Amino acid sequence: MNFQNEIVKWYKINKRELPWRNTTDAYVIWLSEIILQQTRVEQGLPYFNKFLAHFPTVKSFADATENQVLKLWQGLGYYSRGRNMLFTAKQVMEIHNGIFPIQYEKLIQLKGIGEYTAAAISSFSNNQSKAVLDGNVFRVLARYFGVEEPINSTTGKKVFSELAQSLIENQKPSVYNQAIMEFGALQCKPKSPACNICPLQINCYAFKHHKVDVLPIKLRKLKVRERWFNYFVGIENDHILTKQRKPGDVWQHLYDFPLIETDEKPDFEEKSFIEKVKNTFGKNVQITPILQKKHLLTHQIIYVQFFALDNYIINFNLHTDIKSVLLEDFEDLPHPKVISDFINLYIKN
DNA sequence: AAGGCGGGGGT
DNA sequence: ACCCCAGCCTT
């Protein structure tokens, strides 16, 4: 039995029951695929159910506000996915008459849909013969066929892409695509894969050559930036100070607190730091440390320090990015995880 | 071609 | 501590 047939046979026995597998509705599949980008199934599943319940159709999605979408997205990360979904939903209403496209060539033109997602939606909803190429597929192909080209090099992508596409010929695209990804997720896992019970063990290059733990090969180490976020929590008369984050940085368009950022550990007693605080909150301001936390992102380590503000005065004409909003309205806004955790601990009740 | 963009889980 | 997850966009 060849590679593809073994994979599909394995899939039919071992596949998980997942809600987006019981539909050919391109809108529903799109929802699941965007949510699952760089996200584990277990983490994305509750978000998929939430989004489908709130937005059963692409029209209902297109009618949402960005704050609504980001609030539902809160805690999932990579928030540009949510913003792009809103943009794309509106675009589908305008240029596709509200019918979500099912062809690769149409899908690839939509914002937030790249080669992987276009292949996934077009094959799952339309049985178009486009091979998906995600982290799972890279791994399975690299190991089984012994491809030593780095998966994130230009030639590597080309090699894997052509290999993947050649394998899907004469297969049922929808089933085969899901099968190879599921195989990578459950059987041919990144760490300690279950080679001892693997139906493809006999012909697997990596198993034969003891390279299971070196394939696939990936280049580049991420350099992690360290940042210090000093947040100032000002609450007065049921109102709280907040600020919407700007483009070009993490948590774009989400709401946090007035912030003084430094690129090294600040000395809270030091003159320049005190000066900055007084410049924004007035010279009589008192600050009290509440909580510090180390917030880890893939590419950044953010040391977060929360201060309580007392006796503060803000010139909102000078600091136009800072707003004062009702506490109950503030809680309804979308926040980064580190902020929503803080709210739940120190502000609610 | 390289870097930015979250949060969580596995080893 | 490091890697990876149903990747994509911008520069």
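Any value given below was found using the heavy atoms of this structure, including those in side chains, with hydrogens, waters and symmetry copies removed. From a predicted model like this one, the values you see are computed outputs, not experimental measurements.
- Nearest-nucleotide positions on DNA chain C for A:Asn84 and A:Leu18 put A:Leu18 closer to the 5' end.
- Remark: aromatic rings of A:Trp73 and A:Tyr78 are distant, center separation not under 6.0 Å.
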Given A:Gln68 and A:Lys71, is the side-chain hydrogen bond (donor to acceptor under 3.5 Å, both in side chains) satisfied, shown in steps?
CA-CA 5 Å; A:Gln68 269 180 298; A:Lys71 190 63 186 178; over 6 Å; no
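- Spacing of P atoms, C:dC3 relative to B:dG3, comes out at 15 Å, to the nearest Å.
- Using the six-membered ring where Trp is involved, A:Phe281 and A:Tyr312 have ring planes that are perpendicular, over 60° apart on the 30 and 60° scheme.
- Taking atom C1' on both B:dG6 and C:dC4, the two are 14 Å apart, rounded to the nearest angstrom.
- Nucleotides C:dA6 and B:dG4, compared at atom P, are 24 Å apart to the nearest Å.
- Bounding nucleotides for the chain A contact on DNA chain C, 5' to 3', at a heavy-atom distance below 4.0 Å, are C:dC3 to C:dC9.
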Taking only Watson-Crick and G-U wobble pairs with both distances under 3.5 Å, what dot-bracket line describes DNA chain B, where [ ] shows pairs that cross earlier ones and | shows pairs with another strand?
|||||.|||||
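- Side-chain contact check for A:Phe124 versus A:Arg21: every heavy-atom pair is 4.5 Å or farther apart.
- Using cut-offs of 30° and 60° for the angle between ring planes, the A:Phe257 and A:Tyr231 rings count as perpendicular.
- Around CD1 of A:Ile202, the count of heavy atoms belonging to other residues, nucleotides or ligands within 6.0 Å does not exceed 12.
- With A:His295 as the partner, the ring-ring contact (aromatic ring centres under 6.0 Å, His included) test is satisfied by one option alone out of A:Tyr303, A:Phe229, A:Trp251: A:Trp251.
- Remark: A:Lys208 is not positioned above the aromatic ring of A:Tyr205, lacking an NZ or CZ atom under 6.0 angstrom from the ring centre and at most 45 degrees off the axis.
- Here the two rings, on A:His335 and A:Phe330, have centers that are under 6.0 Å apart.
- Within 4.0 Å of A:Gly184, counting heavy atoms only, lies no atom of the nucleic acid at all.
- A distance of 6.0 Å or more separates the ring centres of A:Tyr346 and A:Phe306.
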Treat primed atoms plus P, OP1 and OP2 as sugar-phosphate and everything else as base, then score nucleotides 6-11 of chain B 5' to 3': B for base contact with protein heavy atoms under 4.0 Å, S for sugar-phosphate contact only, - for none.
BBBB-S
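- Among the protein residues, A:Trp20 comes within range of the nucleic acid bases, having at least one heavy atom under 4.0 Å from a base atom.
- Note: CG (A:Asn152) to P (B:dA2) measures 9 Å, nearest angstrom.
- Under the 6.0 Å cut-off for aromatic ring centres, A:Tyr11 and A:Phe183 do not qualify, their centroids lying 6.0 Å or more apart.
- The residue A:Ser32 sits apart from the nucleic acid: no heavy atom pair falls under 4.0 Å.
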